[in-house]
Amino acid sequence: MEKKTGSRQGIGQMAFHMVKALLCAYIVTGILLLILTLLLYKLGLSEENINAGIILTYVISTFSGGFVMGKLAGTRKFLWGLLAGAVYYGLLLLISLGLYHSLQGEAGGLMTAFLLCAGGGMLGGMVA
């Protein structure tokens, strides 16, 4: 692949960077959900604790994806992190639709999850 000069990079290269960032975010998601499952099994966590753990998983995962995307993008890191968080949420929504054939939860909860994912990604990009 040819690297373009200047601060602009090719669309294909940025798409490849996005795939890397999302892969990182979903690996972190898997690890954190595995830890949460083990904690549920061993400690018998309450529903409130599980919900807090899932929210924390969203934020940490999208933060890591946004961080990777920000490092790879080099410029406008917060925007690329925001985009990584939004795409993460979009894929999460598509997977949920594929499994359940409907949206699980209320519109307010879905919007909150989107804001958490986009915000986590943006924060990761800003830190990068």
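Computed from heavy atoms alone, side chains included, the values below leave out hydrogens, waters and symmetry copies. Computed from a prediction, not measured in an experiment: that's the story for all the values here.
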According to a 4.5 Å side-chain heavy-atom criterion applied to Ile, Leu, Val, Met, Phe, Trp and Tyr, with indirect links allowed, do [X] and [Y] form part of one hydrophobic cluster?
X: M111; Y: V59; answer: no
X: L97; Y: F114; answer: yes
X: F67; Y: L72; answer: no
X: L33; Y: I50; answer: yes
X: L22; Y: I31; answer: yes

Of all the heavy-atom pairs spanning [X] and [Y], show the shortest one and how long it is.
X: V28; Y: S64; value: CG2-OG, 3.6 Å
X: A25; Y: S61; value: CB-O, 3.3 Å
X: M14; Y: A73; value: CE-CB, 3.7 Å

Do [X] and [Y] come close enough that some side-chain heavy atom pair is under 4.5 Å?
X: I95; Y: L99; result: yes
X: I55; Y: T112; result: no
X: L83; Y: M69; result: no

[X]: side chain to side chain contact (heavy atoms under 4.5 Å, CB included) partners, not counting sequence neighbours:
X: L39; result: I35, L43, L45
X: F63; result: L123, V127
X: F78; result: M122, M126

For the residue pair Y26 and Y88, does the interplanar ring angle fall in the parallel (under 30°), tilted (30 to 60°) or perpendicular (over 60°) class?
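Ring orientation, 0 to 90° scale: parallel.
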To the closest 0.5 Å, what do you measure between [atom1] ([X]) and [atom2] ([Y])?
X: L32; Y: T37; atom1: CG; atom2: OG1; value: 10.5 Å
X: I54; Y: L36; atom1: CD1; atom2: CG; value: 6.0 Å
X: L92; Y: L110; atom1: CG; atom2: CG; value: 10.0 Å
X: E47; Y: N49; atom1: CD; atom2: CG; value: 10.5 Å
X: L82; Y: T62; atom1: CG; atom2: OG1; value: 10.5 Å

Distance-only, no hydrogens or angles: does the Y89 side chain make a donor-acceptor pair with backbone N or O of Y58 under 3.5 Å?
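Answer holds: no.
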